[in-house]
Amino acid sequence: EAVQARMKGWGTISEAAARKLVERGLIRDRDGYTWCTDPRLRLASNMRLTEKMVEAYLRAITAPTLLVVGDNSYFPQYQQHQDRQQHVQQLEVRHFPGGHHLHMEDAAAEIAPLATQFLLNGRTGP
C-alpha cells in the first residue's frame, strides 16, 4: 500500500524506486507503519531571497559543479532555472531521461560512474 501511495505522489516514479523510498521512509510502530521522513521537506522555505541574492550565492560557487537534470523533472521547464545556471562559474550540466528520482531509475547506471568521475577529476570528460 505504501509503495502504491508513493507512486501516486508528486512526480512520476517507478515501482522499484518507490519501493526503495518506502523501505527507508517507513518505520514500524504499535499501530502498524508510519512515515518517518521530515515533514519540513515538503514545505516551502521560510527564507525568502530576491533574485539578486540567489544570483550572488550562485556566483560565489567557485568549485567545479555537476548538475544532473531529469528531462521530465520540474526544473527544465522553468526559464529561471536555466537563467540561473549562467551564474555558476564551473558548471557542467548533464541531462538524462527521467524525473526527480532519476538517480534511482534506469539512468542510475550512467549517473553513478559519471558522478564518480566528476568527484575524482572535477569534470566528467577527458
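What you see below is based on every heavy atom in this structure, not just the backbone, and it leaves out hydrogens, waters and symmetry mates. Starting from 1, each residue takes its place in the sequence as its number.
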Which value, rounded to the nearest 0.5 Å, describes the distance between [X] atom [atom1] and [Y] atom [atom2]?
X      : Y      : atom1 : atom2 : value
Met53  : Arg48  : CE    : CZ    : 12.0 Å
Ser14  : His101 : OG    : NE2   : 10.0 Å
Phe96  : Asp71  : CZ    : CG    : 9.5 Å
Thr116 : Ile111 : OG1   : CD1   : 11.5 Å
Arg94  : Glu110 : CZ    : CD    : 8.5 Å

Tell me, please, which residues at least two apart from [X] pass side chain to side chain contact (heavy atoms under 4.5 Å, CB included).
X     : value
Ala18 : Val3, Arg6, Met7, Ile13
Thr62 : Gln89
Leu91 : Thr65, Leu67, Gln85, Val88, Val93

Verify the cluster assignment for Met47 and Leu43: are they in a single hydrophobic cluster under the rule of side-chain heavy atoms below 4.5 Å apart?
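Different clusters: Met47 never reaches Leu43 through Ile, Leu, Val, Met, Phe, Trp or Tyr contacts under 4.5 Å.
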Hydrophobic clusters here meaning ILVMFWY residues chained together by side-chain heavy-atom distances under 4.5 Å, can you tell me if Phe118 and Leu102 are in one?
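Yes: a chain of side-chain contacts under 4.5 Å links Phe118 to Leu102.
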Quick check: closest heavy atoms across [X] and [Y], and the distance to 0.1 Å?
X      : Y      : result
Arg24  : Cys36  : O-SG, 3.8 Å
Gly122 : Pro64  : O-CB, 3.4 Å
Leu66  : Ala115 : CD2-CA, 4.3 Å
Ala63  : Gln90  : O-CB, 4.1 Å
Ala107 : Pro97  : CB-O, 4.1 Å
Tyr33  : Arg28  : OH-NH1, 2.8 Å

Answer yes or no: is there a side-chain heavy-atom contact under 4.5 Å between Trp35 and Leu26?
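Heavy-atom side-chain distance check passes, below 4.5 Å.
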State whether the number of non-hydrogen atoms from other residues, nucleotides or ligands found under 6.0 Å of Asp83 atom CG is greater than 12.
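Correct, the count exceeds 12.
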Take Gln4 and Glu1 through the test side chain to side chain contact (heavy atoms under 4.5 Å, CB included) and record every step on the way to the result.
CA-CA 5 Å; Gln4 293 302 313; Glu1 290 176 20; 5.8 Å; no
Please confirm whether the backbone N or O of Thr124 pairs with a side-chain atom of Glu92, one donor and one acceptor, at under 3.5 Å?
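Side chain of Glu92 to backbone of Thr124: a pair is present.
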Would you check, one step at a time, whether the test salt bridge (charged side-chain N to carboxylate O under 4.0 Å, His left out) holds for Arg19 with Glu15?
CA-CA 6 Å; Arg19 187 168 304 284; Glu15 183 175 345; 3.1 Å; yes
